[in-house]
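Working notes for the structure below.
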Amino acid sequence: MPVSRARHKRHAAGVDHGVVAMLRQAVELHRTGQLDAAEAFYRRALQTQAGQPDALHFLGVLCHQRGRSDEGIRLIRMALRATPLHADAHNNLGNIHKETGELAEAEACYRQALACHGQHHDALSNLALVLETQERFEEALQAYVKLLEEAPQLSLAHYLMGMYLRRHVNEIGDLEQAVACFRDAIRCDASNVRALDALGVTLYMLGRQDEAVGAYRDWLVREPENPVPRHMLAACGGEVAPPRADDAYVREVFDRFAESFDEQLLKNLDYRAPQVLVGALIGVLGVAEGALDVLDAGCGTGLCGPLIRPHARRLDGVDLSGGMLDKARLRGGYDELAVAELTAYLQDHPEAWDVVLSADTLVYFGDLAEVLAATSAALRAGGRVAFTLEAMEGDQDRPVLASSGRYRHARGYVERVLDAAGFVEVSIAPSALRKEVGQPVNGWVVLARKRGHGFG
């Protein structure tokens with residue numbers, strides 16, 4: 001969750017109108033994303049009036065946003081020494097601690113903000129989220145309930161309660177209650193497209209596709225250029241399904257999801273695709289000798305990286321989402337990370353790799369012919385491909401776009417496309433790769449070797 005926007009107010013004592021003007025300009029530049037200029041104005045204000053608390057506070061927020069979190073923490077603490085009852089500063093200090101993984105410190109800051117201002121709804125919602133992240137679920141639920149009681153007309157309060165219910169589904173009634181929360185969030189604020197997004201997802205989870213179509217149509221009316229509601233409208237049967245997910249859709253979804261991706265998948269969805277896929281691949285690669293050039297295709301936050309690294313002389317990663325690659329870069333282990341569309345990237349690198357693996361990426365491709373042909377061309381003779389798909393029973397010759405927004409493929413179709421792309425020794429094994437609404441999502445773990453003699 002991004003650092004909340006500070007409430008830009010100045011303190012009456014010792015007002016320097018020149019400093020006030022500089023701060024006003026700095027805040028506007030900050031708000032519009034002109035961070036270099038904003039930082040310069042904040043620092044000029046501090047040169048004019050050393051220790052000015054608003055300048056310290058806002059500059060601290062900016063420093064964190066620019067990756068200098070330690071400096072941001074130091075500056076906001078300096079501001080709080082001058083204005084110890086400034087609830088917004090306590091809240092933003094908590095946000096920095098939360099985003100840097102210091103959950104106990106974040107909790108203390110949110111509680112201090114609430115001690116300064118008993119109905120600071122941002123601090124209360126942030127406290128609920130950090131309690132939930134610490135798996136203190138009963139305390140988190142109490143905080144969400146309190147937020148709803150204090151602010152029944154606050155759209156965010158209904159949205160957060162709905163998301164909590166959806167993340168912790170014990171029975172179908174939890175999803176029904178989440179739908180009611182999202183509808184209330186939209187009633188309170190018709191422009192809350194996050195609630196429309198969540199409503200559509202929850203309705204498809206309940207199998208109520210017609211209602212989900214209505215939610216996505218409403219979202220599309222509000223944001224006609226947004227690729228997410230357009231794709232999801234097609235996924236729920238409201239438009240003709242495209243042959244593959246649009247690049248803009250994939251980029252938007254995963255840039256937005258990057259911050260919480262690992263936590264949501266690993267904790268809430270029991271996500272196992274990287275472990276299952278790499279485990280199957282190692283079964284044919286044999287003993288790790290660190291001799292292979294490997295591409296992690298659609299690498300996301302880099303969950304496959306540590307698992308395959310012992311086999312790799314060189315490990316490259318490619319993904320459409322720059323936000324996901326930022327997380328992969330922090331995880332480490334890759335020699336190169338590239339932001340690119342997968343098929344084009346493969347086509348630009350003929351015979352570059354011994355192994356191409358792809359966990360939960362080709363689920364966004366309906367027609368696999370082009371991407372698997374490009375994979376074959378990017379592999380050296382005898383090279384291996386390994387990937388996961390969501391499974392469709394039967395022998396349909398065409399993929400199906402499911403209401404989840406991901407494509408499902410039948411075994412026979414996958415075999416035919418791999419054969420046409422020049423692959424042999426095909427293995428397609430069923431596996432549950434994740435959960436949805438507490439139920440396993442059936443998938444395929446696919447292995448194949450490019451024709452010709454090579455490393456194996």
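Positions are given from 1, in the same order as the sequence printed here.
- A 6.0 Å sphere centred on CZ of R68 holds more than 12 heavy atoms belonging to other residues, nucleotides or ligands.
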* To do: Check the pair R24 / D54 against salt bridge (charged side-chain N to carboxylate O under 4.0 Å, His left out), numbers first and verdict last.
  => CA-CA 10 Å; R24 188 178 295 118; D54 285 335; over 6 Å; no
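- Side chains of H97 and E107: a donor-acceptor N/O pair is absent below 3.5 angstrom, by distance only.
- Judged purely by atom type and a 3.5 angstrom limit, R222 uses its side chain to pair as donor or acceptor with the backbone of A190.
- A side-chain N or O of T202 and one of R166 form a donor-acceptor pair less than 3.5 Å apart.
- A side-chain contact (heavy atoms from CB on, under 4.5 Å) with L295 holds for exactly one of L379, V355, T375, L346; it is L346.
- With hydrogens and angles left out, the side-chain atoms of H120 and D88 include a donor and acceptor closer than 3.5 Å.
- Residues R406 and V400 are not in side-chain contact: their nearest non-hydrogen atoms beyond the backbone lie 4.5 Å or more apart.
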* Where do R217 and V221 land on the side chain to side chain contact (heavy atoms under 4.5 Å, CB included) test, with the steps shown first? -> CA-CA 6 Å; R217 287 198 193 283; V221 167; 5.6 Å; no
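- Side-chain contact check for D246 and H231: no donor-acceptor pair (N or O, by modelled atom type) lies under 3.5 Å.
- Here R329 pairs with L325, D326, L337 under the side chain to side chain contact (heavy atoms under 4.5 Å, CB included) rule; sequence neighbours left out.
- Counted within 6.0 Å of CG on D395, heavy atoms from surrounding residues, nucleotides or ligands total more than 12; the atom is thus considered enclosed.
- Residue-environment remark: CD (E336) exceeds the threshold of 12 foreign heavy atoms within 6.0 Å.
- Ring orientation note: the planes of H30 and Y42 are nearly perpendicular, at an angle over 60° on the 30°/60° scale.
- For the pair Y334 (side chain) and D296 (backbone), a donor-acceptor distance under 3.5 Å is absent.
- Between E39 and R66 there is a salt bridge, since a side-chain N of the basic residue sits under 4.0 Å from a carboxylate O of the acidic one.
- Distance alone, capped at 3.5 Å, places no donor-acceptor pair between the S403 side chain and the C236 backbone.
- Separation of the Y110 and H90 ring centroids does not fall under the 6.0 Å cut-off.
- Between the H349 side chain and the A377 main chain, no donor and acceptor come within less than 3.5 Å of each other.
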* **Evaluation steps, ring pair (Phe, Tyr, Trp, His ring centres under 6.0 Å), between H168 and F137** => CA-CA 9 Å; H168 305 283; F137 299 125; 4.6 Å; yes
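- Using a 4.5 Å heavy-atom threshold, the side chains of C63 and L75 count as touching.
- Counting heavy atoms of neighbouring residues, nucleotides and ligands inside a 6.0 Å radius, atom CG of D210 does not exceed 12 of them.
- The shortest side-chain heavy-atom distance between L141 and M161 falls under the 4.5 Å cut-off.
- Counting only heavy atoms from C-beta outward, the side chains of L307 and P274 approach each other to under 4.5 Å.
- Classification of K146 and E149 as a salt-bridged pair fails, no side-chain N sitting under 4.0 Å from a carboxylate O.
- With hydrogens and angles ignored, the 3.5 Å screen pairs a side-chain donor or acceptor of R309 with a backbone N or O of G333.
- Within the 4.5 Å cutoff, the side chain of T133 has heavy atoms near those of the L103 side chain.
- Aromatic ring pairs are classed by plane angle as parallel below 30°, tilted from 30° to 60° and perpendicular above 60°; the pair H409 and Y413 is parallel.
- Here L433 contributes atom CG and T388 contributes atom OG1; the two are 5.5 Å apart, rounded to the nearest 0.5 Å.
- Of all non-hydrogen atoms in L315 and A312, the two that sit nearest each other are CB-CB, 4.1 Å.
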* Checking side chain to side chain contact (heavy atoms under 4.5 Å, CB included) for the pair R314/W353: CA distance, chi angles, key distance, verdict? -> CA-CA 9 Å; R314 178 180 177 85; W353 295 286; 5.6 Å; no
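- Side-chain contact between V27 and F58 is present, with at least one heavy-atom pair separated by less than 4.5 Å.
- A distance of 9.0 Å separates CG of L160 from OG of S155, quoted to the nearest 0.5 Å.
- Annotation: F254 is in aromatic contact with Y364 [ring centroid separation under 6.0 Å].
- Put simply, CG on L389 and CZ on F387 are 5.0 Å apart, with the number rounded to the nearest 0.5 Å.
- Between the Q134 side chain and the R136 main chain, no donor and acceptor come within less than 3.5 Å of each other.
- Y204 and E211 share no side-chain donor-acceptor pair at under 3.5 Å.
- Electrostatic pairing of E132 and R167 counts as a salt bridge here, judged by a charged N lying under 4.0 Å from a carboxylate O.
- Side-chain atoms of D367 do not come within 3.5 Å of backbone N or O of P243 as any donor-acceptor pair.
- The number of heavy atoms from other shown groups lying within 6.0 Å of CD (E370) does not exceed 12.
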* Trace of the side chain to side chain contact (heavy atoms under 4.5 Å, CB included) decision for F423 with S376 -> CA-CA 7 Å; F423 288 100; S376 181; 3.7 Å; yes
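- Of the charged side-chain nitrogens involved, at least one lies within less than 4.0 Å of a carboxylate oxygen, so that R208 and E176 count as a salt-bridged pair.
- Applying the side chain to side chain contact (heavy atoms under 4.5 Å, CB included) rule to A386 yields the partners L277, L281, L357, L447; only residues at least two apart in sequence or on another chain are considered.
- In this structure a side-chain-to-backbone donor-acceptor pair under 3.5 Å is present from D319 to G300.
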* salt bridge (charged side-chain N to carboxylate O under 4.0 Å, His left out) evaluation trace for D197 with R194 -> CA-CA 5 Å; D197 183 4; R194 287 197 305 171; over 6 Å; no
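- Partners of N442 by side chain to side chain contact (heavy atoms under 4.5 Å, CB included), not counting sequence neighbours, listed by chain and number: A391.
- With hydrogens and angles ignored, the 3.5 Å screen pairs no side-chain donor or acceptor of T301 with any backbone N or O of K327.
- R244 forms a cation-pi arrangement with F365, by the criterion of a distance under 6.0 Å to the ring centre and an angle within 45° of the ring axis.
- Counted by atom type alone, S191 and D189 present one or more donor-acceptor pairs between their side chains at under 3.5 Å.
- In this structure, the separation between OH on Y249 and CG on N226 is 10.5 Å, given to the nearest 0.5 Å.
- Using a 4.0 Å cut-off between charged nitrogen and carboxylate oxygen, R416 and D419 do not count as a salt-bridge pair.
- A donor-acceptor contact shorter than 3.5 Å links the side chain of E341 to the backbone of A344.
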* **Working for side chain to side chain contact (heavy atoms under 4.5 Å, CB included), residues L35 and L62** => CA-CA 7 Å; L35 301 188; L62 185 147; 4.1 Å; yes
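- Annotation: side chain of R434 is not in contact with side chain of R272 (no heavy-atom distance under 4.5 Å).
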